[in-house]
Amino acid sequence: EPEIVSGPAAEPECFAPWSADTKFFKFPKKDGPYRIALANGYIANTWRIQMIQTAKAYAAQPDVAAKLKEFKVVSTGEDVPAQISAINNFIDSGYDAIVVNAQNPTAFGPVIKRAKEAGIVLVAFDNILDTQDAINVNVDQKGLGVLWANWLAKHLPEGGKILEVRGVPGTSVDTDRHNGIHETFAATGKKWDVVEVLGKWDDPTAQKATADAIAVHKKFDGITAQGGDTGVVQAMIDAGHPFVPFGGETENGFRKFCAKYAAQGLKCSSAGTGPAQVAVAIKTAIAALEGQVVPQSVKLPLAIVEDPNFKEGQDFYPDQSDNFFVGNAFPTCGINFTAQEIMGQSKENQ
Amino acid sequence: MITSATSAAAPLFQMDGVSKHYGGVRALENAALTVEPGRIHSILGENGAGKSTLIKIMAGVVAPDDGRMLMDGREVTFRSPAEASAAGITCVFQELSLIPDLSVADNICIARPPRRFGLIDRQAQRAIAEEALARAGANDIHPRMLVKNLPLSRRQLVEIAKALAWKPRILILDEATSALTAADVANVFSVLMRLRSEGLALLYISHRMHEIAELSDECTVFRNGHNVMSFAAGTRSNGEIVEMMIGREYSNAFPPKPERAAGTATPALTCRKLGWLDRLRDISFTLGKGEVLGLGGLDGQGQRELLLALFGVLRGTTGSVLVDGKAVTLTSPAAAISEQIGIALIPEDRKTEGLMLPMTVQENLSFSALDQVSRGGVINRKDEARLIDEMIQLLSIKTAGLDLPVAALSGGNQQKVVIAKWLMRKPKIILLNDPTRGIDVATKHEIYLLLRRLADSGTAILFYSTDYDELIGCCNRVLVLYDGSVARELKGSAMTERALIASALNVEDGHAGTPA
Amino acid sequence: MKDATREQPGAWLPKFVRRLDPAISTAFACIIVLLILGSLYSASFLSPEYLLQQLKVASFLGVISTGMMMVILLGQIDLSIPWSVAVGGMMACAAAAFGPVGETLAIPFGVACGMVIGFANGIGVAYLRIPSMIITLATNAVAQGLMVVYTGGFSPQDSATITMRYLATGFLIPGVPNAVLIWAIVGAVATFVLTRTTFGRSVYGIGNQERAAYLSGINTRRIVLIAFVSCGALSAFGGTLLAGYASKAAQSMGDSYLLPSIAAVVLGGTSILGGRGSYLGTIAGVILITLLQSILSVMQMPEAGRQITYGLVIIVMLLLYGRGPANR
Amino acid sequence: MSEWRFWLNEQRGMLMAVGIFFVMFAIYVSNHPAGLTANVVQTASNKGVLLAFVAMAQTLVVITAGIDLSVGMIFILTNALASWLVIGSPLETGFGVAAVLATGLACGALNGLIVIYGRLQPIVATIATGAVFFGIALLLRPFPGGSVNEDLADMMTGKIFGVVPSSLVALVAVILVVWVPFSRSVIGRAAYATGSSEIAAYMSSLPIRRAKFTAYLLSGLLAATGGLFLTFFTYTGEAALASGNAYTLFSIASVVLGGVSLFGGRGTAIGAVFGALAFRTIGDLLFVFDLDPLWQPLFQGVVLLVAVSLSAFGLFRVRNRLEWFG
Ligand SMILES: Nc1ncnc2c1ncn2[C@@H]1O[C@H](COP(=O)(O)OP(=O)(O)OP(=O)(O)O)[C@@H](O)[C@H]1O
Ligand SMILES: Nc1ncnc2c1ncn2[C@@H]1O[C@H](COP(=O)(O)OP(=O)(O)OP(=O)(O)O)[C@@H](O)[C@H]1O
Ligand SMILES: [Mg+2]
Ligand SMILES: [Mg+2]
């Protein structure tokens, strides 16, 4: 049972509270080393794989490793009950903290109850939990939508025709980002004609949807996409669509395009939620176990790069995978992974 | 629906003016039939005459285009087999109506299972099944066996037992005995006669003339979808009946067998101590070129296994097989039909083993000879068409078109397609697994002629049949199998029905050679 | 029995026309109706660019459905499509990392990897006689596992080669996207194989009655194996094209091809029980599915409505022509 | 053959599933840090029961030689619906449960009508209806949320007397109430017969259509029961396409592992239930083996491959190659 205390948190720059009324937790201090588990859901995409690589790399850092007796990762796939059961199993097996990338924000009520009763620190990240009883390491998904919409509004002061490539319908991330975009547009008071298509955060799907939209609507003044952005740009190139301002995610391939075609008009805002946030989540869990004060809801800084600031080797890596997500650094938390550290491990080993 | 007053004089069942067309095919045309209780009424006709169609209409499986049916003088229409059964008409189809994955008991009680608290009472069901099996003379079948594990002949008995469980007023048997051996047939006949004495009307379809003569009170001959004539049994000779069926002259003699001194033929196939599990034991024989060697015996004594073993279907056979004097390994039908070995098997069940029913006649005909009409895997359509033409002529296959599904042919013509399909390969050795089952006399005769012609041109033929007449008439020698081994070899004048039966039962035949 | 004749050679024509059975003509009619309905929303649906774009996108599904059709004709099904597609694309891109040799061998390598999956499926179905629905589910899981390990461990390269880009998006013949050309070639070969070769005949035979095919001396196991290997190869090839189209490979690229490929084959009049169907129908089915998805997408119908419409349209079309025979 | 040999033969598929399950579960529990505690069993049970319901639903249809690729979507749809309705006073909750189950029945009935009267091949028909069901689920729950009567939910996912998982008890109850009467009724027998040989069933005057319809109907009901339990388990509803598809595919895998023939006519729902439990235990094994996280999916795939290949061992006993063809 954590004590509700008043802020600030132990490392205020890193553990920034979500908002002014965010609660602060102080868990009873436990002696290390700790047993920490990561309950992941889906695994078969680059983001998740990269996230798991980061988690392993972070847990292997000497100062972190010294605090850990065991770090266990289980991926249960897309099935929510399987993930719930995984967490239940971790609870029954006496882990000290459980870090979770939840398949569903609202489905974990019973588990949260059990974890709380058992005195286990539960930290959610990326897809967070709808609760006041667990720690959320939170990316401002809606803020992301706001950011993109503002970027477009800045470049299209008179409004215009926008292509919005959405994510997986029915998920809260998609909904939040979508709402952020539309509320921001509405607030400008200009005339925006938004064409929505489904990209499902997947390049080929986004590419096809974009190609179709271009074939039918001919010309857009601006584009925003939640993922699959490389495919969206590819579709523009294939269709000979002129480059227009673009608010999108942080895929390496997208940023490569942004850097390459900036001069022709592909003005990008690339921002998002890098997989390295798992490291922040683990760090938060350890801090909580050590009895430090942490906010119930941690606000992660967005990793934002906007035109004209795309720097090779830092904001994008020309010889790395297109699918790779850039944005591995949370300097305020002392977390700095390079692309090579995450995706190129074996290359170095060779 | 017209209801007329039931008169005492009205026959049990009557149909008239019944017609049925399948596309352009006229299966039945203005057919009439009258059925009386307490009598066995046989229906005769060559393949495709419309017999099956007629009874399918009676049994509610097929809807007629035209005509009416009366039961007890009252007009009836059946929209499903259930309605027909409820009205008292039950049909024993050939292996069509047993559920392979259910047990014998389940099958027998399938229509009206005994129930307790609304659920099926397996105990009671088993008792009913045992009784029904006993009535059908098949006490040796365990009610818990799955039907699919039973040999064909046993399944037929189950089928009859099942039909009896409906307590029908009219029982129809469509070629229900065609897969049965003589012993089983006798068994079934006594059941049928008892049913007749109980007042049941029986409709009996068979292509076996002697069965019809033995059993029926009354006969109706069908030709081209129409009833040609009805007469009391025994008032017409076999020859007359056959001529009625086919509408022309007919000679029913088996083709003459060339006299050949035993042992002069060059051996085509030699088996040495062939064994397989406990079903085949030390079978040794030699089949000469140009010889027709019969396989006799009761059903299920290993004849089918022997043919399958020689066709490379069975695993783990022992002993050796020599073709043209050279030892061969038979690991698959593909190996057995190869150019060097040249064996063909005309299988037992044409519907699942011989044909792809939905595929066209042409595709079926050339299916096993594809390598002969293709180069580099590409089919040469001209060659294919030529070869098919030859076969259609050779066997006079009656079909409205080569691109029709083979399912639309009548049973006899389907069987001809199976045979033709194998003759296309010009095999050196032909294995026949009961090839004339369900085939009319005229067609049978054509097949006998064909076999003889093939033998004369040097083909070696191993011929399993459940029909003793056929073995005697066609074969140069007969091997009688009993319990997986050769019980007796009969040849020349020693091949009599009596001797065949005696050796089949593995008893000494004191009267060998004497006419029965 | 004198009428036991065969048709004259000229009679083959009506047969060909008869083979163009109502299913296929109705499917093509449905395509036209869809386009007309679409054009009520926006005239662009009838524009050549849009139609070409659809054909191009359809070719990926077309290539993949070709493999699926082979397998369905056998009365089997291949649920390993998603990861066969992904493996094809990912492995081709992976090969491209190994210098010029790798680049030239990229597509063959990707296809070969797909063939390995198909081979495993074929062995399972033909030689171990495991129901295809389950063995392919298992190989799909294994392929996914392998790709996760691969992505995590080997600094994956996933950019498509120039050849792959060219095949998927270039124009050899002006106005005709190469992808469409490739689909046409794949389709022509498939049609030839299915109608003119012993292999094709055997596939239909096995689909109708495997036991009879076996007893006819067909090496049924080999045919089934080859069909599954072709399906794996075609899926993987579809994957390389898709990677070329997207200029890169991604793990999830095959996910959206499983159900559509089955639906396309069946909408084209092929019996899911095997033994019956023609390639022309599959073409119709592929175009239908692609158009339907695209039109719903462009019309900006919310996802819920889109799913409902998609389902209803498939049901209605099947009710129009895909019905089984009546009982009597 | 003696009676028990017949029994063994009839139940072989199911016994195999039972065997696989107990072996895997024993490995799991004996390596579990917590050992065989009531909590561990409860967790495994809650997870396994969901798939078990869906697998039972699939079994009924598969027995008639059909297949239902929409079970996963019915499961999702009823979950979305339950997250609206199964809440409030006991009466309201009861009404909600009834409405959810009725929805399942309606979905099943729709499938049945389309397959039987529309004469469409079940695979495609249910792919299409699955899309429709999912669309409706998405209308109901555009994003995850909703709630459920938590007392009922806790009761159904908790333990009875602190030992027996109540979800397991519910599963047994459903088997007793739905499956046992079905399998031993005339209509159930007709369903088996139809699956084994539809033409023979027709010739035998069996009520084929009624049998198929009942199978689809009950399949919808069982999938809805699963959806209800999903709601109890998660307290919410979500229109998750991926998990709908996953449950559909898993149900097929479970059915096969459970010895039900995909060609119809053979197998029992009890076998399928054990198949589902076994399938679920594959995932659980990840906890007890210290595998690199990135190797876990491969491990699961290989275990599944091995499990489905086990049935092939019978093949080596086949002495007559025609038996290959069933
Ligand atoms: N479903 C069908 N479709 C097309 N034609 C059919 C069909 N059923 C029967 N026929 C045709 O109707 C005619 C009569 O067939 P039927 O089966 O009644 O003959 P049969 O007298 O039973 O012959 P057999 O002695 O061979 O059993 C045949 O020419 C047959 O080809
Ligand atoms: N699936 C089918 N499609 C079309 N016609 C069929 C089909 N099944 C059977 N028939 C036709 O029905 C007729 C009668 O079928 P039935 O099963 O009684 O065969 P049969 O000719 O009597 O063969 P058998 O002598 O083996 O009994 C056949 O002539 C055949 O043409
Ligand atoms: Mg007949
Ligand atoms: Mg016949």
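In what follows, chains carry the letters A, B, and so on, assigned in the order in which the sequence lines appear, proteins first and then strands, with residues in each chain numbered from 1.
The two residues Gly217(C) and Ala334(B) make their nearest non-hydrogen contact at O-CB, 3.4 Å. Contact between Ser368(B) and Ser216(C) at its shortest, heavy atoms only, is CB-O, 3.2 Å.
For chain C, the nearby part of Ser366(B) is the side chain; its heavy atoms alone come within less than 4.5 Å. Heavy-atom distances place the backbone of Leu355(B), and not its side chain, under 4.5 Å from chain C.
Note that CD of Glu210(C) is 10.0 Å distant from CE of Met356(B), once rounded to the nearest 0.5 Å. Rounding to the nearest 0.5 Å gives a distance of 7.5 Å between CG of Leu215(C) and CG of Leu308(B). Between Ile379(B) atom CD1 and Phe192(C) atom CZ the span is 9.0 Å, to the nearest 0.5 Å. For the atom pair Ser202(C) OG and Phe367(B) CZ, the distance stands at 5.0 Å (nearest 0.5 Å).
Met359(B) has its side chain within reach of Tyr204(C): a pair of non-hydrogen atoms, C-beta onward, lies under 4.5 Å apart. Here the side chains of Arg196(C) and Arg381(B) are in contact, with some heavy-atom distance below 4.5 Å. Under the 4.5 Å side-chain criterion, counting only non-hydrogen atoms from C-beta, Arg276(C) is not in contact with Pro358(B).
Atom CZ of Arg315(B) is surrounded by more than 12 heavy atoms from other residues, nucleotides or ligands within 6.0 Å. Phe119(C) CZ: 12 or fewer foreign heavy atoms inside a 6.0 Å radius.
By number of non-hydrogen pairs under 4.5 angstrom with chain B, the leading residue of Gly275(C), Ala213(C), Gly207(C) is Ala213(C).
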Any chance you could lay out the side chain to side chain contact (heavy atoms under 4.5 Å, CB included) test for Ser374(B) and Arg201(C), step after step, and finish with the verdict?
-> CA-CA 11 Å; Ser374(B) 63; Arg201(C) 208 49 91 66; over 6 Å; no
